[in-house]
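So the structure is just underneath, and the comments pick up after that.
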Amino acid sequence: MEQRDRWATKLGLILAMAGNAIGLGNFWRFPYQLASNGGGAFMIPYFIALFFLGIPVMWIEWTTGRYGGKYGHGTLGPMFYLMARESVKPKTALIFGVIGGMLAFSVSSLLSSYYYQVIGWSAAYTYYSLTGAYFGQDTVKFFLNYVANLKAVIFFWGITMVLLGIAVGQGVSKGIERWVKVMMPLLYVFAILLVIRALTLGSPVKPEWSSIKGLEYIWTPNFTALKQNFFKISLAAAGQIFFTLSLGMGIIHNYASYLGPEDDVALSGLATVSLNEFAEVILGGSLAIPIAFAYLGPEQAIKGGVGLAYMALPNVFMHMPGGRIFGAMWFLLLWFAGFTSAIATYNYLVAMLEEDLKIDRKVGTWVVFVFLFLLGLPVALDSSLVYLSELDMWVGSYFLVLLGFFDVIVGVWLFKPDNFWEELHKGAFINVPEWFKPIIMYIAPLFMAVLLIGNTKDYYSMGALRFHVSKAYVENVLGGSYPDAVPLVLRARIVILIILIIGAIEA
Ligand code: PHE
Ligand code: NA
């Protein structure tokens with residue numbers, strides 16, 4: 001058998017994994033989750049979820065991935081099959097293989113279909129910041145006009161996809177690793193420069209709006225809010241942990257499959273978590289909200305929501321000294337962050353073709369390109385963003401947890417807890433303390449079961465689970481107008497279903 005591609009250097013591997021995890025989730029999603037879930041109060045369930053969910057699942061996915069790689073597999077179907085075989089008959093193991101393969105394929109492709117769009121917006125806004133295109137304009141209108149401008153949307157999304165294709169086509173060590181070695185250090189430099197700029201912003205509008213006040217808001221826990229909305233805030237925090245660490249997607253497993261069978265996973269997994277959390281809590285937390293605070297005041301900064309990065313911040317850059325440069329830096333930072341994550345979902349799909357169907361990587365890369373283009377087109381065509389929101393609801397918060405749950409069932413329980421523990425420590429640079437084992441075995445899956453039930457209830461009460469698409473759901477949850485948005489919601493659901501079926505057949 002031909003030697004499988006492997007990470008060339010330890011540094012390259014760590015940067016690739018950090019690039020995988022550090023994404024729009026850190027700089028775009030985290031700030032508005034924090035702002036809309038009680039500010040500082042959000043950080044309590046957030047850190048709890050990090051410890052009891054994030055770290056355990058990260059270790060499971062690294063271990064599962066390296067194990068699959070040993071047998072020449074970088075995708076979840078074969079990995080789950082191989083591990084489940086340790087305790088059940090091959091036929092039953094096959095069922096777990098199909099579940100894992102189906103979920104990972106669906107998450108990778110559906111997530112890409114809308115996430116790549118948002119990366120495309122960053123490319124556009126980097127350009128618009130440099131040229132000052134939105135300066136002096138109503139930035140909300142500017143954004144809405146942009147997403148309705150098909151030519152521009154497809155152009156910026158298109159170049160992003162072509163570059164992704166080139167990087168992935170070059171392979172793991174010669175492509176992905178080289179690209180992240182350039183992009184990740186730049187990302188940190190940009191982020192640090194921006195944080196310095198952000199924290200030295202007094203408010204030109206009102207002294208009590210300084211960016212430092214914004215930081216205070218983030219870090220002051222609002223216990224009343226937490227008590228009142230305990231369940232909702234906890235769900236959001238755990239969902240953010242999954243999303244930001246790239247858990248439940250199949251892409252951590254995939255990257256780990258390019259390790260040697262004796263390469264450390266215990267310390268490397270922990271390093272991935274630490275690098276991501278530094279980029280999220282310290283860097284991500286000190287950017288969007290404090291900046292918006294200084295110029296727009298608390299109310300606007302907090303209700304900025306999904307649009308904070310693309311609608312509220314441009315309004316700041318146009319008034320800030322050096323705003324073109326800082327604006328461009330902010331959006332290029334988003335673009336790098338998104339790009340180095342997107343590479344991972346793209347590579348997952350290429351690995352499927354390469355390993356399971358024996359299609360040459362170069363050819364596979366462009367097959368995936370066409371596939372992802374077609375899947376992304378309906379998202380690009382919908383300027384109301386209802387289709388995007390519907391996908392994100394299901395994929396971005398629900399499927400991840402479901403896959404994470406099967407991670408523990410297969411990677412720990414069916415593989416057998418002692419085997420898992422031994423595998424985690426093979427070649428390890430650190431010893432995970434024995435008391436952490438029950439957290440991985442019992443607490444993490446229990447936590448996820450509660451999450452799944454909670455999410456299901458939540459979706460039900462919002463009206464997301466009914467066949468009849470309600471007015472309240474469309475208007476309050478997806479932010480569209482009824483009944484125009486109904487066909488979009490139905491279309492999104494049909495696409496999700498088709499992708500799940502293809503995934504099951506493929507696996
Ligand atoms: N962890 C990534 C983030 O924070 C999530 C992601 C990875 C999304 C890969 C899409 C593709 O943004
Ligand atoms: Na992240």
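Because the structure is predicted, anything quoted here is derived from the model rather than measured. Atoms within a ligand are numbered from 1 in the order they appear, just like the ligands themselves.
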If you round to the nearest 0.5 Å, how far is OG of Ser257 from NZ of Lys70?
-> 13.5 Å
Nearest non-hydrogen protein atom to atom 11 (C) of ligand 1, with distance, is Thr345 CG2, 3.6 Å
May I ask you to identify the nearest protein heavy atom to atom 12 (O) of ligand 1, giving residue, atom name and distance to one decimal place in Å?
-> Tyr115 OH, 2.6 Å
May I ask you to check whether [X] and [Y] place their ring centers less than 6.0 Å from one another?
X      : Y      : answer
Phe331 : Trp121 : no
Phe30  : Tyr46  : yes
Trp7   : Tyr255 : yes

Going by the atom numbers of ligand 1, which of them fall below 4.0 Å from some non-hydrogen atom of [X]?
X      : answer
Asn20  : 1 (N), 2 (C), 7 (C)
Ser246 : 1 (N), 2 (C), 5 (C), 7 (C)
Asn26  : 4 (O)
Ile251 : 7 (C), 9 (C)

Specify whether Phe369 and Phe373 have parallel, tilted or perpendicular ring planes, treating 30° as the upper limit for parallel and 60° as the lower limit for perpendicular.
-> parallel
Specify side chain, backbone, both or neither for Arg29, according to which of its non-hydrogen atoms lie closer than 4.0 Å to ligand 1.
-> neither
Contact check: [X] vs ligand 1, nitrogen or oxygen atoms, below 3.5 angstrom:
X      : value
Ser341 : no
Leu24  : yes
Ala21  : yes
Gly25  : yes
Phe243 : yes

Shortest non-hydrogen contact from Gly72 toward Glu355 | O-CD, 3.8 Å
Closest non-hydrogen atom pair, Phe80 against Asp407 | CZ-OD1, 3.6 Å
N/O donor-acceptor pair under 3.5 Å between Tyr346 side chain and Thr365 backbone = yes
Checking Glu177 side chain against Ala8 main chain: does a donor-acceptor pair fall under 3.5 Å?
-> yes
What do you reckon, does Glu280 put a non-hydrogen atom under 4.0 Å from ligand 1?
-> no
Is the OH atom of Tyr127 crowded by more than 12 outside heavy atoms at less than 6.0 Å?
-> no
For atom NZ of Lys232, decide whether the heavy atoms of other residues, nucleotides or ligands shown that lie under 6.0 angstrom number more than 12.
-> yes
What protein N/O/S atoms lie closer than 3.0 Å to the Na ion (ligand 2)?
-> Ala21 O, Asn26 OD1, Thr244 O, Thr244 OG1, Asn276 OD1
Does a salt bridge link Glu390 with Arg491, judged by any charged N lying under 4.0 Å from a carboxylate O?
-> no
